[in-house]
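Heads up: the structure comes next, in structure tokens.
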Amino acid sequence: MPTPADQPPAWVADAVFYQIFPDRFSRSHRILQPKNLEAWDTPPTVHGYKGGDLLGIVDRLDWLADLGVNAIYLNPIFRSASNHRYHTHDYYRVDPLLGGNVAFEEFVRACRSRDMRIVLDGVFNHASRGFLQFNDILESGSLSPWRDWFTIHSYPLNAYDERHPPNYDAWWGLHALPKFNTANPQVREYLMRVGEHWIEQGIDGWRLDVPLEIHTEGFWEEFRRRVRDQNPDAYIVGEIWHEAADWISRGDRFDGVMNYLLTGAVVSFAGVKRINWPVADGLDYSVRDIDAAGYAAAVAHLLEMYPESATKANLNLLGSHDTARLLTILGDDTDGVILAMLMIMTFPGAPCIYYGDEIGLTGGHDPECRAAFPWEHESEWNSRILDAVRSLIALRQSEPALRHGSYETLHATKGSLLHVFTRIDERQLLVAVNAGDRVATQHIPLLAGERWTRLWGDGALAAAADGVNISVAARSGAVWRKS
């Protein structure tokens, strides 16, 4: 049965997402590329292209399937004059550097054959100087028939002289990103049809870029209705960095958000006393040293703020194209990365891995966080992180309680770095995370006489008269299942 219109798609809770920045993930040999590309292994730059493409992603789908990924979130793929493609030229054409629409069709077929979902990045707040309607205003001035598609303050347009601000509304005042006038019914209808079109072409949902910047009343409600009319199981997730109960609790806009509030809590606890502060201080989410009680309080706040259905539909991430690399934020501490991966793989919602974090890629803020995936240098991958991620995904997929069960903190005292919680569905799991530098032992009152099997990690559990005694190695975690 299709999902009710006001509920998130059921499949999202079972998804493990993998975010790909297309220019930097994998380059195929089947697409004719121009010559002026940066060498794949050189450091990334703000404006340079590496030449990654959609058929390169197709070539790596089996590797992703082996990792356990069953959903892919792609950064923008439409025609653009930027390597990140947030400067859209044509919303109906896949960028030729990525292989165009033909390559996209092959990508969709390849994902379908592996039961992988596809979510595209929708940039509907702003376009680019190369977008046809805006370009016509550049050429025709006030006589352009498209002038009301944007908010123009004077003519001629100042689209390139950065010594002076643009004389039109632009995202963050950037000349290259003219902001749509979504109060114009033609603009609104154009964007709605874009949303519908790519659903018709086989995608499973939209990740919506800076949705809070669109203030037109009813815009996102209409977008949801029209997209879900095309596919009742389409996933709609918004890029909102702060509390978003208004946006995902009513069932008329988004199914979930990119859960940066959880990101901040996980990174803060997993990286306690190891945070690379010069990097972390530049993040757009909050990082601080917290103990188990602080982490438990942050989690409790999240679980109370959103209804259960929205919690299960949030995109739980540890990094993205907008943040420094996880391993770099955590001061190159492999144990911290593994702890963080354990925490999002055992939390309600859909975990999302930013490409390369699973092999320990490093890098500061943009452009360093957008390096090319080092396929030819496997010996340099962090095998401990990769093995942990692969095993944690397998654990999540094998245990329904991790995807659908309730969440309850059992132990998280002030000053302690041991956090213990349970996930309960038809079976009960016990998860312990020790962010401290010493072995942690703790008595957990549970039903006496129960048998427990360790499923993952470095820990021991022994039955006691009124519960269990657990022991977890330093900077480690463990998962047990009640038999």
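Just so it is clear, the structure is predicted and the values come from calculations on it, not from any experiment. Note that these values count all heavy atoms, side chains included, but never hydrogens, waters or copies made by symmetry.
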Start with the C-alpha gap between Ser26 and Asp59, add the side-chain angles, then the distance that decides, and say whether side-chain hydrogen bond (donor to acceptor under 3.5 Å, both in side chains) holds.
CA-CA 8 Å; Ser26 181; Asp59 294 339; 5.4 Å; no
Pair Arg60-Phe25, side chain to side chain contact (heavy atoms under 4.5 Å, CB included): steps then yes or no
CA-CA 9 Å; Arg60 306 296 181 180; Phe25 184 63; 3.8 Å; yes
Would Tyr73 and Asp121 count as a side-chain hydrogen bond (donor to acceptor under 3.5 Å, both in side chains) here? Give the steps.
CA-CA 7 Å; Tyr73 152 42; Asp121 211 324; 2.9 Å; yes
Go through the steps for Asp23 and Lys50 under the test salt bridge (charged side-chain N to carboxylate O under 4.0 Å, His left out), then give the verdict.
CA-CA 6 Å; Asp23 185 64; Lys50 299 289 187 185; over 6 Å; no
Under the side-chain hydrogen bond (donor to acceptor under 3.5 Å, both in side chains) rule, what do Ser28 and Asp53 come out as? Steps first, then yes or no, please.
CA-CA 7 Å; Ser28 75; Asp53 57 65; 3.0 Å; yes
Check step by step if salt bridge (charged side-chain N to carboxylate O under 4.0 Å, His left out) holds for Arg114 and Asp62.
CA-CA 8 Å; Arg114 295 166 175 83; Asp62 286 340; 2.8 Å; yes
Applying salt bridge (charged side-chain N to carboxylate O under 4.0 Å, His left out), run through Asp357 and Arg325 and close with a yes or a no.
CA-CA 7 Å; Asp357 278 355; Arg325 287 283 178 179; 2.9 Å; yes
Pair Ser320, Gln19 - check side-chain hydrogen bond (donor to acceptor under 3.5 Å, both in side chains), show working.
CA-CA 8 Å; Ser320 75; Gln19 180 189 349; 4.9 Å; no
Dump the intermediate steps for salt bridge (charged side-chain N to carboxylate O under 4.0 Å, His left out) on Asp437 and Arg274, then the final yes or no.
CA-CA 11 Å; Asp437 293 322; Arg274 289 165 174 79; 2.4 Å; yes
Under the side chain to side chain contact (heavy atoms under 4.5 Å, CB included) criterion, do Ile31 and Leu97 qualify, and how do the steps go?
CA-CA 8 Å; Ile31 294 175; Leu97 289 176; over 6 Å; no
Walk me through whether Ile353 and Phe17 qualify under side chain to side chain contact (heavy atoms under 4.5 Å, CB included).
CA-CA 6 Å; Ile353 300 167; Phe17 278 88; over 6 Å; no
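Annotation: side chain of Trp241 is not in contact with side chain of Leu283 (no heavy-atom distance under 4.5 Å). Counting only heavy atoms from C-beta outward, the side chains of Arg403 and Val12 never approach each other to under 4.5 Å. Looking at heavy atoms from C-beta onward, Arg384 lies in side-chain contact with Asp335 at the 4.5 angstrom threshold. Taking the side chain as every heavy atom from C-beta outward, Val123 and Pro76 approach each other to under 4.5 Å. Asp291 places none of its side-chain heavy atoms less than 4.5 Å from the side chain of His419. With a 4.5 Å cut-off on side-chain heavy atoms, Ile118 and Phe107 count as touching. You'll find the side chain of Leu317 reaches within 4.5 Å of the side chain of Met258, heavy atoms only. In this structure the side chain of Asn276 reaches within 4.5 angstrom of the side chain of Thr328, judged on heavy atoms.
Contact between Tyr92 and Val194 at its shortest, heavy atoms only, is OH-N, 3.5 Å.
In this structure, CG in Leu395 is found 15.0 Å from CZ in Arg390, a value given to the nearest 0.5 Å.
Residue pairs that meet the ring-ring contact (aromatic ring centres under 6.0 Å, His included) test with at least one member in residues 310-340, sequence neighbours left out, are Tyr86-His321. Note on residues 332-362: pairs passing ring-ring contact (aromatic ring centres under 6.0 Å, His included), not counting sequence neighbours, are Phe347-Tyr407. For residues 35-54, no residue pair satisfies the ring-ring contact (aromatic ring centres under 6.0 Å, His included) rule, not counting sequence neighbours.
Surrounding CG of Asp66 are more than 12 heavy atoms belonging to other residues, nucleotides or ligands, all under 6.0 Å away. No more than 12 heavy atoms of other residues, nucleotides or ligands sit less than 6.0 Å from atom CD of Glu308.
For Phe131 and His89, the ring centers are positioned 6.0 Å apart or more. Aromatic rings of Phe373 and Phe21 (six-membered ring for Trp) have centroids beyond the 6.0 Å cut-off, not under it. A distance below 6.0 Å separates the ring centres of Trp220 and Phe254. In this structure, Trp149 has its ring center closer than 6.0 angstrom to the ring center of Tyr190.
The aromatic rings of Phe223 and Phe124 sit tilted relative to each other, their planes meeting at an angle between 30° and 60°.
A cation-pi arrangement is present between Arg253 and Trp247 under the rule of less than 6.0 angstrom and at most 45 degrees off the ring axis.
Side-chain atoms of Asp289 and Ser268 form no donor-acceptor pair, as typed in the model, at a separation below 3.5 Å.
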